[in-house]
Protein chains: 2
Amino acid sequence: MPAQEQTATGPEAAAQQDVAAAIREAIVRGDFAPNQRLVEADLSRQFGASRSGVRTALFELANEGLVERVQHRGARVRAVTLEEAIEISEVRMVVEGLCAAKAAERATDEELSELRSIGDAMRTAVADGHVMKYSELNQLLHRRIIEISGQATAAGVVERLRAQNVRHQFRLALLPGRPNVSLAEHLAIIDEIGAHAPDAAERAARRHLASVIEALKTA
Amino acid sequence: MPAQEQTATGPEAAAQQDVAAAIREAIVRGDFAPNQRLVEADLSRQFGASRSGVRTALFELANEGLVERVQHRGARVRAVTLEEAIEISEVRMVVEGLCAAKAAERATDEELSELRSIGDAMRTAVADGHVMKYSELNQLLHRRIIEISGQATAAGVVERLRAQNVRHQFRLALLPGRPNVSLAEHLAIIDEIGAHAPDAAERAARRHLASVIEALKTA
DNA sequence: GATCAGCGGATCGTCAACGATCCTTACGAC
DNA sequence: GTCGTAAGGATCGTTGACGATCCGCTGATC
């Protein structure tokens, strides 16, 4: 039974509103290991919130698929299996494909130059071997494309799905040689959006996510 | 200020566990009008549950997108605009396309004959002008295809989205001439799944949902 | 030595009451 | 007549405590 006070980074000031956000971040950052039990009383002490707040937060996180809840047995961090990670990526593949298509239709010149500058930054990040930086740009690019698409529903769906397999996504970025493959696919997406070619943009986005799925399978 | 006890169909025996399900059903069935305020105390009396249970339920429904919550101002039934209904259908289009493709890969002979029998039932329902029956078969077909695809993640996403625009979906089925168009598209999906042709099945599913979107726009 | 009933601790689910916040209405000043 | 302001009511958010349920352990029995 390990001690629970590992996060010494000042969590005590959490407003009891967004205790959900705090717990979510802790899970995503890996402070809570998969399958770790999340006892309401402990969390309430740890985050300086009431048990009701923690309880509400756990319900919310359960709906997002980040924690599992069993009647009278409490909550635990949900461990996303490889099969689930693949399923999630498959859904992301088609939904982000849709967003890429709509982005290709709607993107303004200003937004296009922003995407291209992200692409340039990715290129240099890969050239310089900055894996961490590339991973951030990766997320940024995906997010911006979805925002540009103006598809709020799709944005919500993808956001929820993305939170569930950050762990797998992250592990992927560390594979040697992976950034090079990924970079070309990302640049292709940007090009097709820049050409205002919806179908081609969708295909490019799907090709990229399909490649992610393949990488997941062989990891 | 109208009286709130309109549902006389014995809601008082609701176990405080699934009060969420009861409220959800009431919203979907139209017992609660869009934008109607949902006051916790009233609901607790109406469903014979504690305010805590109602509160938890409202949080859950908010996460599903069926109700809106504002800080200190309570919950109300979320009114799905036409734009949102279109967005939802767009996401459904690509996700159900994915499911159709996977169903075409995995469907057993038994499952195929089940799908075909649903198709036959739809045909006769349209021929006999049974709109209600057709609408039910419509839902059943979509659900079964998703189940056959074995994509649990996609199933969850679609289920959540479907609950949000039942109202629009339902209004659509009542359009004159609509069932005939819809029927042909459904049969095409079944055929392509039966032919174990993933790409064609995906295209057929997308064609169908695209047609739904067009119908929504002109409604 | 293995199995099973009973007990105790731990944890969750529920409840009622309190405090905080916001909207509405009424009142007065300009 | 219009605007600003203050009281009142309604509703939500939070707290603390109680009861219900489940798991692990102990000890007796076969």
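Throughout, a chain's letter reflects where its sequence line sits, starting with A, and its residues are numbered from 1. Note that the structure is a prediction, hence the values are computed from the model and not measured.
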Can you check the [X] [atom1] to [N] [atom2] distance for me, whole Å?
{"X": "A/E40", "N": "D/dG16", "atom1": "CD", "atom2": "P", "answer": "15 Å"}
{"X": "B/Q71", "N": "C/dC22", "atom1": "CD", "atom2": "C1'", "answer": "11 Å"}
{"X": "A/H72", "N": "D/dT21", "atom1": "NE2", "atom2": "P", "answer": "6 Å"}
{"X": "A/F59", "N": "C/dT14", "atom1": "CZ", "atom2": "P", "answer": "8 Å"}
{"X": "A/D42", "N": "C/dC12", "atom1": "CG", "atom2": "C1'", "answer": "13 Å"}
{"X": "B/R37", "N": "C/dT24", "atom1": "CZ", "atom2": "P", "answer": "9 Å"}
{"X": "B/L58", "N": "D/dT11", "atom1": "CG", "atom2": "P", "answer": "14 Å"}
{"X": "A/R55", "N": "C/dT11", "atom1": "CZ", "atom2": "P", "answer": "14 Å"}

### Task
For B/A57 and B/I23, work out which heavy atoms get closest and say how close.
CB-CD1, 4.3 Å
#### Entry: A/H196 versus A/E105, side-chain donor and acceptor atoms under 3.5 Å
no
### Summary
Per side-chain contact (heavy atoms from CB on, under 4.5 Å), A/F32 is matched among A/V67, A/L66, A/V77 by A/V77
### Task
Using a heavy-atom cut-off of under 4.0 Å over every strand shown, decide if A/L38 touches base, sugar-phosphate, or nothing.
sugar-phosphate
### Task
For C/dT14, take OP1 and OP2 only and decide whether either is under 4.0 Å from a side-chain N or O of B/S50.
no
#### Entry: A/R51 side chain near D/dG16 phosphate (N/O to OP1/OP2, under 4.0 Å)
no
### Message
Both B/R73 and A/R69 contact DNA chain C. Taking the nearest nucleotide for each, which residue is further toward the 5' end?
### Response
A/R69
### Query
Could you walk me through whether A/S89 and A/R162 pass the side-chain hydrogen bond (donor to acceptor under 3.5 Å, both in side chains) check?
CA-CA 9 Å; A/S89 298; A/R162 206 181 53 75; over 6 Å; no
